[in-house]
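As the structure is a prediction and not an experimental result, all values here were calculated from the model.
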Amino acid sequence: MDFGQIYSFLFESIEGIIILVVACLIISGLVAAILEVRTRKIYQDRGPRKDEWELFDEEDETADSDD
């Protein structure tokens, strides 16, 4: 197989395009996982900040109840 046949298979056939898309998804997933692990090692959990806004705040639920 020469370069022309490989190029033709990858970019001119449906099977080749599917292989390229799957390969890109796998590579980007691996890169994202590696970067996530490195980020967690650098920025360890320091606990919640006092001024941090929470989406599901428990105080709001008690104010809306009709007892």
With sequence neighbours left out, which residue pairs that include part of residues 19-36 fulfil the salt bridge (charged side-chain N to carboxylate O under 4.0 Å, His left out) condition?
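For residues 19-36: Glu36-Arg40.
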Would you list the pairs meeting salt bridge (charged side-chain N to carboxylate O under 4.0 Å, His left out) in which at least one residue belongs to residues 8-17, sequence neighbours left out?
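Applying salt bridge (charged side-chain N to carboxylate O under 4.0 Å, His left out) to every pair that reaches into residues 8-17, excluding sequence neighbours, yields nothing.
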Separation between [atom1] of [X] and [atom2] of [Y], rounded to the nearest 0.5 Å:
X     : Y     : atom1 : atom2 : value
Ser13 : Ile19 : OG    : CD1   : 7.0 Å
Ile17 : Leu10 : CD1   : CG    : 9.5 Å
Ser8  : Asp2  : OG    : CG    : 10.0 Å

Got a sec, which residues hit ring-ring contact (aromatic ring centres under 6.0 Å, His included) with Phe11, two or more places apart in sequence or on another chain?
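Per chain and number, Phe11 pairs via ring-ring contact (aromatic ring centres under 6.0 Å, His included) with Tyr7.
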Not counting sequence neighbours, which residues clear ring-ring contact (aromatic ring centres under 6.0 Å, His included) with Phe9? List them please.
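Phe9: no ring-ring contact (aromatic ring centres under 6.0 Å, His included) contacts found.
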Applying side chain to side chain donor-acceptor pair (under 3.5 Å), which residue pairs with at least one partner in residues 16-29 are found, sequence neighbours left out?
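For residues 16-29: none.
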Please list, chain by chain and in numerical order, all residues satisfying side-chain contact (heavy atoms from CB on, under 4.5 Å) with Leu35, sequence neighbours excluded.
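With sequence neighbours excluded, Leu35 shows a side-chain contact (heavy atoms from CB on, under 4.5 Å) to Val31, Arg38, given in chain and number order.
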Listed partners of Ile14 passing side-chain contact (heavy atoms from CB on, under 4.5 Å), at least two apart
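Only Ile18 meet the side-chain contact (heavy atoms from CB on, under 4.5 Å) criterion with Ile14.
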Determine whether Val22 and Leu30 fall in the same hydrophobic cluster, where Ile, Leu, Val, Met, Phe, Trp and Tyr are linked whenever their side-chain heavy atoms lie under 4.5 Å apart.
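Same cluster.
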Enumerate the ring-ring contact (aromatic ring centres under 6.0 Å, His included) contacts for residues 18-42, please, sequence neighbours excluded, ordered by first and then second residue.
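Residue pairs with at least one partner in residues 18-42: there are none.
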